[in-house]
> 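Just passing along the structure, written as structure tokens.
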Number of protein chains: 2
Amino acid sequence: MGVTIKDIAKKAGVSYSTVSKALRDSPLVQKPTKNKIMAIAEELGYQPNIAARSLVSKKSWVVGVVWPSVERMTLSALITKVNKELEEKQYTTVLSINEIDSAIQTFQRFQVDAILVFRDQANSPFELEALDTNIPILFYGTQSDQVSPVVDVNRKKAIELAVEHLSKLGHKKMAYIGNLGEKDTLQQEKVQTFQHMLVRKGIESGGIPLLNGLEASEGYRAGRQIIQAASPPTAILSGSYDLTRGLFQALHEAGLSVPQDISIASYDHVPQMLEFDPPVTSVGVPIEKVAEEIAAILLRMIDQTDVQQTYLLDPELAVRTSTRHRINQ
Amino acid sequence: MGVTIKDIAKKAGVSYSTVSKALRDSPLVQKPTKNKIMAIAEELGYQPNIAARSLVSKKSWVVGVVWPSVERMTLSALITKVNKELEEKQYTTVLSINEIDSAIQTFQRFQVDAILVFRDQANSPFELEALDTNIPILFYGTQSDQVSPVVDVNRKKAIELAVEHLSKLGHKKMAYIGNLGEKDTLQQEKVQTFQHMLVRKGIESGGIPLLNGLEASEGYRAGRQIIQAASPPTAILSGSYDLTRGLFQALHEAGLSVPQDISIASYDHVPQMLEFDPPVTSVGVPIEKVAEEIAAILLRMIDQTDVQQTYLLDPELAVRTSTRHRINQ
DNA sequence: TTGAAAGCGCTAACAG
DNA sequence: CTGTTAGCGCTTTCAA
């Protein structure tokens with residue numbers, strides 16, 4: 001079917017191994033020869049056959065990504081960035097929407113060079129050991145089994161940064177949106193840190209409503225609940241971008257303006273925070289940074305360079321105009 | 001690294017070509033021999049090497065799916081179903097989040113057996129001809145270039161069914177939520193059909209607000225706008241599941257009950273329609289049916305069986321309790 | 001019914 | 001620098 005290196009070799013009048021070398025940009029081929037070969041390859045629309053290459057080189061130049069069952073916007077953006085990053089290093093990214101274990105099996109048969117698993121509370125637990133694969137696996141999003149390396153955001157520090165910021169601005173009563181109860185350990189960690197910070201800083205709680213999910217509608221619901229209290233807080237910290245969207249809707253509807261009437265800060269360091277009116281003070285690890293980090297670690301794992309067990313990424317605080325000094329009333 | 005057929009052959013005391021046959025369940029191998037080989041393969045945790053297999057057989061048993069840039073819930077469910085369907089036929093599904101053309105190139109190198117493209121208004125236009133691949137490509141979601149087969153829902157008929165239903169219930173004033181203006185041809189078709197139906201049935205328009213997107217929040221906004229009118233409609237037809245979610249929020253908030261105060265019907269035939277309170281009358285092609293159809297067509301394309309140019313799936317109306325006779329007032 | 005052997009497209013020694 | 005050659009793991013004739 002497709003064009004092979006033999007076709008190119010014939011047309012260029014060289015041996016096909018020379019073509020192979022030239023295509024891989026080997027220094028063992030003369031510049032002119034190389035150029036000529038490249039040109040012919042281009043002309044013929046040559047596409048290397050992954051199967052053949054990976055069969056002999058034991059390397060597929062493919063990274064498999066296990067896509068989480070629940071998809072939130074930030075993850076979607078993150079995966080796109082990781083893909084781009086890897087592409088620069090000649091790797092192709094391929095996704096699977098299967099359950100973690102069967103996805104890993106598929107990737108195994110593909111002989112992918114590494115696997116990235118986006119894990120969330122929704123996907124089923126599984127035994128990594130049982131799979132016993134020698135393909136390096138990197139997890140994102142949760143402290144896992146100590147078997148495979150994990151990349152995660154230092155959520156605790158992020159919340160601390162945010163509360164600290166609001167506290168410095170003089171806020172004495174704050175609410176938090178993003179409490180999913182005990183079932184979700186990721187969110188739980190943020191909630192607990194928030195509570196600890198209130199105590200430590202001597203701040204009164206303005207409510208930490210229990211949510212049913214992380215969609216914008218839940219942020220809307222929680223926001224309404226908080227501002228309708230007899231004595232509402234002067235600042236609200238939201239646990240995610242989507243929740244913040246809903247929160248803004250509730251505030252807007254109630255005729256409250258930010259930051260005059262209330263200060264808003266949000267977890268999730270995504271560019272979209274700037275699209276709010278006003279731009280939202282946010283805390284978290286910039287998505288580009290996470291993507292770069294993930295790509296870099298994957299590459300190191302592929303190269304067999306030793307990697308740490310856990311990478312806890314440091315969050316950053318980006319102060320914008322949605323937060324300001326509390327007005328004494 | 002992995003276990004190969006040679007390992008199995010050695011352990012079973014047969015030639016490796018026999019193992020190959022046995023594993024493919026060939027009739028050329030005796031039952032007992034076959035069983036023995038199967039058992040050993042299982043025991044050794046044998047995983048066939050896709051690269052090798054596809055190299056020689058010119059078939060990868062992989063179907064590539066080009067994931068749309070904008071992801072809506074229904075598509076996510078659909079892709080999962082298609083995957084399941086294909087899995088039963090021994091095919092593995094792999095996704096790419098790249099732009100259509102580069103995704104197709106990647107799949108080409110993988111020698112996938114077929115490509116499924118979920119197309120939406122957001123992903124960039126491209127020239128299929130330019131790619132000139134001989135891998136069969138199936139599009140979903142829009143009338144395309146007449147080069148490759150397309151599967152699509154008969155949106156026109158769907159809207160007709162819905163309006164007809166509401167009209168029969170005596171509604172004389174209806175609103176439609178889902179108008180994205182002229183930029184989105186898919187939505188445009190539904191809007192236009194709705195308008196035509198109003199004329200044909202002598203129904204008054206209760207508003208067809210222009211939206212900025214298809215998220216739930218837009219449904220909420222439009223819903224509020226519609227019910228706040230001086231003389232609101234007695235029925236609303238929503239253009240998608242997400243919009244309906246937002247619409248319900250708006251109705252709930254305004255203290256309107258469905259279907260006592262207003263009848264609601266929605267496009268998108270997904271199971272989640274039953275989770276509303278009350279369950280929502282919906283119209284569209286059941287997602288399982290779409291998935292089955294897509295999988296079947298892909299399989300036929302792989303087998304070189306000739307397929308039609310366009311498959312326009314017939315929508316179904318599922319009447320639930322969110323719609324009822326108009327109350328004379 | 002089983003085994004031997006060729007070869008898919010490519011990379012990587014090794015020779016020249 | 002360029003060419004020759006041996007496989008990678010598997011399927012598939014062709015022989016036995």
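Numbers restart at 1 for each chain; the letters A, B, ... are given by sequence-line order, proteins then strands.
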> Which pairs pass side-chain hydrogen bond (donor to acceptor under 3.5 Å, both in side chains) with one or both residues in residues 288-306 of chain B, sequence neighbours excluded?
B:Lys289-B:Glu316

> Please report how far the helix from C:dT1-D:dA16 to C:dG16-D:dC1 bends, comparing the axis fitted to its first five pairs with the axis fitted to its last five, to the nearest 10 degrees.
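Roughly 40° between the end axes, to the nearest 10°.
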
> OP1 or OP2 of D:dC10 versus the side-chain N and O atoms of B:Tyr46: is any pair under 4.0 Å?
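True: B:Tyr46 side-chain N/O within range (under 4.0 Å) of D:dC10 OP1/OP2.
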
> Near DNA chain C, which residues from residues 26-41 of chain A have a heavy atom under 4.0 Å away?
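DNA chain C contact set from residues 26-41 of chain A: none.
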
> Aromatic rings A:Phe110 and B:Phe110: how do their planes relate, parallel, tilted or perpendicular, breaks at 30° and 60°?
perpendicular

> Taking the side chain of B:Ser15 as heavy atoms from C-beta outward, which of C:dC8, C:dG3, C:dC10 is closest to it?
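Out of C:dC8, C:dG3, C:dC10, the nucleotide with an atom closest to B:Ser15's side chain is C:dG3.
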
> Would you please test B:Ser20 and B:Ser17 for side-chain hydrogen bond (donor to acceptor under 3.5 Å, both in side chains) and show each step?
CA-CA 5 Å; B:Ser20 171; B:Ser17 58; over 6 Å; no

> Figure out the NZ/C1' separation between B:Lys59 and D:dT12, and round it to whole Å.
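Taking atom C1' of D:dT12 as the reference, NZ of B:Lys59 is at 16 Å.
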
> Roughly, in whole Å, what's the span from CD1 in A:Ile8 to C1' in C:dG9?
12 Å

> Would you name the heavy atoms of B:Gln90 and B:Trp61 that are closest together and state the gap between them?
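It is O-CE3, 4.0 Å.
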
> Rounded to whole Å, how long is the line connecting atom CH2 of B:Trp61 with atom P of D:dG9?
22 Å

> In whole Å, what is the span from the CD1 atom of A:Ile5 to the P atom of C:dC8?
12 Å

> Can you check ring-ring contact (aromatic ring centres under 6.0 Å, His included) on A:Phe118 and A:Phe139, steps first, answer last?
CA-CA 6 Å; A:Phe118 282 97; A:Phe139 285 87; over 10 Å; no

> Can you name the residues that form a ring pair (Phe, Tyr, Trp, His ring centres under 6.0 Å) with A:Phe107, not counting sequence neighbours?
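Ring pair (Phe, Tyr, Trp, His ring centres under 6.0 Å) check on A:Phe107 returns nothing, list empty.
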
> Between C:dG9, C:dG3, D:dC10, spot the one nearest the side chain of B:Leu55, thanks.
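Minimum distance to the B:Leu55 side chain belongs to C:dG9.
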
> Kindly state which residues belonging to residues 16-25 of chain A come within less than 4.0 angstrom of DNA chain D, counting heavy atoms of the residue only, listed by number.
A:Tyr16, A:Ser17, A:Thr18, A:Lys21

> Could you tell me the separation between the CZ atom of B:Arg109 and the C1' atom of C:dG9, rounded to a whole number of Å?
15 Å

> Kindly write out the residues that satisfy side chain to side chain donor-acceptor pair (under 3.5 Å) with A:Tyr311, not counting sequence neighbours, or none if the list is empty.
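Here no residue qualifies.
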
> Are any of A:Lys58's side-chain N or O atoms less than 4.0 Å away from OP1 or OP2 of D:dG9?
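So the side-chain polar atoms of A:Lys58 do come within 4.0 Å of the phosphate oxygens OP1 or OP2 of D:dG9, strictly under.
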
> Using whole Å, report how far CG of B:Asn49 lies from C1' of D:dG7.
14 Å

